[in-house]
Chemist: 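My structure is below; once you've seen it, I'll send some questions.
The chains referred to below are lettered A, B, ... by the order of the sequence lines, with proteins before strands, and numbering in each begins at 1. Since this is a predicted model, take the numbers as computed values, not measurements.
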Amino acid sequence: MRVLLAEDDAETAGFVAHGLRELGHIVTPAAAGEDALHLGIVETFDVIVLDRMMPGIDGIEVLRRWRAAGVTTPVLMLTALGGIADRVSGLDAGADDYLVKPFAFAELAARLAALRRRPPISEVATRLEVGDIALDMLKRQVRRAGREIHLQPRELALLELLMRHAGKVVTRTMFLEQVWGFHFDPQTNIVETHLSRLRSKLKGDDGAPDPIETLRGIGYRMRA
Amino acid sequence: MIRPFGSAAYRIAFTYSAAFALAIVLLGAIVYVAADADFRHQQDVGLAVETRDLAASYREEGLADLAEAIGTREQPSATNGYGYALFDRSGRRVAGALRTRRPAPGFGTIPFIDPREGPDIARALTTDLPGGYRLVVAQDTENVERFDRTILSLFGVAFGLVVLLGIGAALLLGGYLRRRLERLSAPARAIVTGDLDRRMPVSAGHDEFDQLALALNAMLDRIAQLLDNLRQVSSDVAHDLRTPLARLRGQLEAAIDGPREIAAYRTGLKRALVQSDALLGLFAAILRISEIEGGAVKRTFARIDLTDLVTDLCDSFAPAIADNGRTLACDTAPGLALSGDRELLAQALINLLDNAQHHTPPGTHITVAAAGDAVTVRLTVADDGPGVAPEDRERITRRFARLDSSRGTPGHGLGLNLVVAVAQVHGGAVTIDDNRPGLRVTMTLPRLAE
């Protein structure tokens with residue numbers, strides 16, 4: 001996919017651009033606020049990585065002007081400011097996701113993949129189907145190959161997140177943010193514990209194949 | 001040098017005295033007008049009664065009796081102080097000693113000749129009697145005037161006294177206010193020049209000045225605490241980050257000096273990566289605690305349903321704790337709400353749960369209780385593990401505090417420190433008690449009314 005990388009720190013920009021190109025994405029770098037603002041308006045991207053603090057016009061202002069100009073491209077904001085108020089102001093300005101430096105590249109890549117515009121119909125879908133697993137969000141009912149599976153609310157939320165991003169990586173912090181609403185790392189294994197329970201319920205007693213892959217050090221992925 | 005009118009204290013005191021003096025003047029004027037009117041009214045009533053008596057004696061007994069009655073009343077022994085004159089149709093005075101010309105009927109002020117003092121004026125009631133006679137009853141106005149003069153001089157003296165007392169009191173009060181304020185400004189100047197431990201004196205009276213001193217002291221304590229916090233963070237960063245940084249360096253060095261194989265390099269780099277992640281985690285924790293202690297998070301406080309939050313966290317953590325070989329039981333009272341930050345409260349509870357499972361042996365029972373009374377909510381995490389010795393209980397809430405018994409367990413010694421910071425930013429406190437056996441940590445927070 002086409003990525004606009006607006007980041008003034010040459011080292012960070014270098015390693016992010018390198019990593020994204022390795023994954024086969026097309027990266028357009030911008031090192032100053034004015035350049036990023038201009039590129040974001042005249043060219044079309046699938047996602048934008050925007051550093052919050054840039055020379056010239058800062059990231060928040062660039063984002064505000066894009067949104068005012070009708071640019072709806074998903075934006076992931078990068079920042080060295082990890083405070084609660086900082087995150088709120090970034091999201092208020094119109095960011096779709098927020099990642100605090102320093103970050104692992106795998107985390108950034110997973111979040112960018114998740115941000116990429118999905119077909120609009122799936123955004124509001126109340127029925128999800130991946131492989132032989134079907135999830136009815138209204139009835140809060142899960143079936144695998146016709147067999148009903150009883151899940152706890154958290155397990156259901158984990159499954160929904162994985163199914164909505166089927167084929168893509170969901171990281172530990174994405175689970176914490178979207179299932180628990182935690183923007184901090186509680187340094188515990190709740191994600192792992194709940195995932196392991198979810199997996200054993202999905203596999204059932206008859207030992208059906210595990211639909212969830214573990215990518216060590218990166219996250220989890222539902223086989224599409 | 002004190003300039004009395006440059007000082008708010010003196011200005012207030014003088015204004016107060018002036019207002020008091022003005023009140024005396026107003027009071028004096030009202031008393032004067034009212035008393036004068038009343039006295040004159042009484043004088044008129046006296047004249048009317050006298051006239052009615054004489055007129056009655058004329059109608060009943062005739063002119064001779066009237067003249068006799070006037071003569072009797074004019075006796076020097078008489079004390080009523082009235083003067084009389086009876087005029088006939090031609091204007092000639094036929095009875096009475098009052099030397100005046102015939103006035104018109106009704107009340108009026110008439111000139112007369114006082115046998116001792118010469119020309120004078122008097123208040124008179126003139127009445128026409130049958131037969132063309134005209135009776136004048138008069139009283140010297142000097143009585144009224146003397147009375148008025150007495151009132152005026154009394155109030156004049158009172159006014160003078162009030163002004164003198166007012167000035168005296170104003171000087172005393174102004175001086176007092178200045179002295180009280182000086183007792184606050186002297187420490188403030190000392191603090192400015194660097195004596196940061198100085199505090200405002202508070203007297204036993206608990207008056208407004210003491211309230212102000214208490215408020216200022218609370219503010220100074222808070223500032224001192226923040227400064228202390230800043231110093232502490234700097235020294236923590238300097239001292240406690242050295243160890244993990246040195247370890248990271250050692251791992252990188254070992255990888256370079258080790259066997260020259262890709263696999264060995266990868267192992268060394270992975271270790272270094274884990275180590276640097278731990279360091280970054282430590283930084284994040286320090287910064288987060290500083291952010292909380294700074295208090296800016298209060299701006300985003302909202303109503304938090306603690307019952308929901310605790311129930312939710314218990315549901316999330318019970319499986320993980322069970323997998324670790326301990327049990328979690330939760331007892332949550334309904335309808336507990338407070339004003340706060342959901343994530344911070346969650347993090348505090350998670351840290352307490354974390355401590356309860358990392359510093360206890362398998363098989364430990366962990367209980368979480370949320371309860372409340374009218375003004376507070378209490379969130380308690382207790383276990384029946386080995387507990388903490390009483391002398392260590394205060395110490396474990398400090399930054400980087402780790403007991404020797406926990407050296408081998410993961411963690412950076414900031415968990416309880418964050419819990420304390422979260423409790424304090426919510427206006428609450430943390431207490432650590434013996435759970436007999438085990439440890440009991442309680443966060444007491446202000447409750448939000450339903």
Chemist: Has the side chain of A/Lys168 got a donor or acceptor atom that lies under 3.5 Å from a matching backbone atom of A/Ala113?
Modeler: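 Looks like yes, one N/O pair under 3.5 Å.
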Chemist: In terms of heavy-atom proximity below 4.5 Å to chain A, should B/Arg288 be classed as side chain, backbone, both, or neither?
Modeler: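 Only the side chain of B/Arg288 comes within 4.5 Å of chain A.
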Chemist: Using the rule side chain to side chain donor-acceptor pair (under 3.5 Å), only one of A/Lys201, A/His150, A/Arg197, A/His194 pairs with A/Glu155; which is it?
Modeler: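 The option that passes is A/Lys201.
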Chemist: Identify which part of B/Glu343 has an atom lying under 4.5 Å from any heavy atom of chain A, answering side chain, backbone, both or neither.
Modeler: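 Answer is both: backbone and side chain atoms of B/Glu343 are under 4.5 Å from chain A.
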Chemist: Which answer fits B/Ile321, side chain, backbone, both or neither, if we ask what part of it has an atom under 4.5 Å from a heavy atom of chain A?
Modeler: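 Neither part.
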Chemist: For a side chain to side chain contact (heavy atoms under 4.5 Å, CB included) with B/Val441, tell me which candidate from B/Thr380, B/Asn355, B/Leu416 qualifies.
Modeler: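 When side chain to side chain contact (heavy atoms under 4.5 Å, CB included) is applied between B/Val441 and each of B/Thr380, B/Asn355, B/Leu416, only B/Leu416 qualifies.
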Chemist: Tell me if the centroids of the rings in B/Phe301 and B/His426 come within less than 6.0 Å of each other.
Modeler: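 Yes, close enough.
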Chemist: Do side-chain atoms of B/Asp341 reach the backbone of B/Leu344 as a donor and acceptor pair under 3.5 angstrom?
Modeler: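 Here the side-chain-to-backbone pair exists.
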Chemist: Flag the one option from B/Asp315, B/Asn324, B/Asp312 with the top tally of heavy-atom pairs under 4.5 Å to chain A.
Modeler: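 Most heavy-atom pairs under 4.5 Å with chain A: B/Asp312.
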Chemist: Counting a contact as any heavy-atom pair under 4.5 Å apart, which residues of residues 7-18 of chain A contact chain B?
Modeler: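 Within residues 7-18 of chain A, near chain B: nothing under 4.5 Å.
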Chemist: Checking heavy atoms, do the side chain of A/Pro102, its backbone, both or neither come under 4.5 Å from chain B?
Modeler: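 Side chain only.
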Chemist: Please state whether the side chain, the backbone, both or neither of B/Leu287 comes within less than 4.5 Å of a heavy atom of chain A.
Modeler: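 Contact with chain A is absent: no heavy atom of B/Leu287 under 4.5 Å.
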